[in-house]
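Inspection log for the structure reproduced underneath, given as structure tokens.
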Amino acid sequence: MHRAPQMTLPRGSKYLQCTWEKAYQDHRKKVRDAQPLVDTRAPLCLRHLPLNIKKLKLEEERLSVIDRDNYLLLEKVSCIMRTRGQTDNRNDYTHRSLNRGNREQELHRLQRKNKIILGRITNSEPVYQARKWQEDWARTEKDQDTLMKYHGRQQTCKGKSRN
């Protein structure tokens, strides 16, 4: 059991003891009845602050966008389920270039230049003389024959030996 605390002051007289106990009981009563000095209650609630109309409107718009997207997605999924999931991956658009006209003009210009150059080449006379080349080659072979006469075996250009 709980025992009451004993007074630590010595009992010199009964009168002093009663005075001290009365003062202690008054102190305990004041502590028990004391009111708090700090207000710990919830603050007053103002009625116009919790109802944020703009925030509610934005939330409603966001939810309507989500609902619309969900509906479109549901339509796509149901279409896939009805058509057994066949995909349409054809690209039916034609490629249009903004630079096409310039490229075609450049191509025609180059074709005209090439035609002119081809005409010049075909109309020009050959500069080389095949007869002169044949005479030079015959002279070179004759010189090779004379040189190889003294060295024994003679090698031709194709690597075959001649006796």
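Just so you know, these numbers use all the heavy atoms, side chains as well, and skip hydrogens, waters and symmetry mates. FYI, the numbering just counts along the sequence from 1.
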Evaluate whether atom [atom1] of [X] has more than 12 neighbouring non-hydrogen atoms of other residues, nucleotides or ligands under 6.0 angstrom away.
| X | atom1 | value |
| --- | --- | --- |
| R109 | CZ | yes |
| L147 | CG | yes |
| E60 | CD | no |

Roughly how far apart are [X] [atom1] and [Y] [atom2], rounded to 0.5 Å?
| X | Y | atom1 | atom2 | answer |
| --- | --- | --- | --- | --- |
| H27 | Q25 | NE2 | CD | 10.5 Å |
| Q105 | L110 | CD | CG | 12.0 Å |
| N99 | E104 | CG | CD | 10.5 Å |
| I53 | L58 | CD1 | CG | 12.0 Å |
| E75 | Y71 | CD | OH | 4.0 Å |
| L63 | N70 | CG | CG | 10.5 Å |

Between E106 and N102, is the side chain to side chain contact (heavy atoms under 4.5 Å, CB included) condition met? List the steps.
CA-CA 6 Å; E106 183 70 15; N102 292 340; over 6 Å; no

Can you check whether R68 reaches V65 side chain to side chain, under 4.5 Å on heavy atoms?
yes

Side-chain donor-acceptor pair under 3.5 Å between Q17 and E21, yes or no?
yes

Between K142 and D145, is the closest basic N to carboxylate O distance under 4.0 Å?
no

Looking at S13 and L16, what are the two nearest heavy atoms and their distance?
OG-N, 3.2 Å

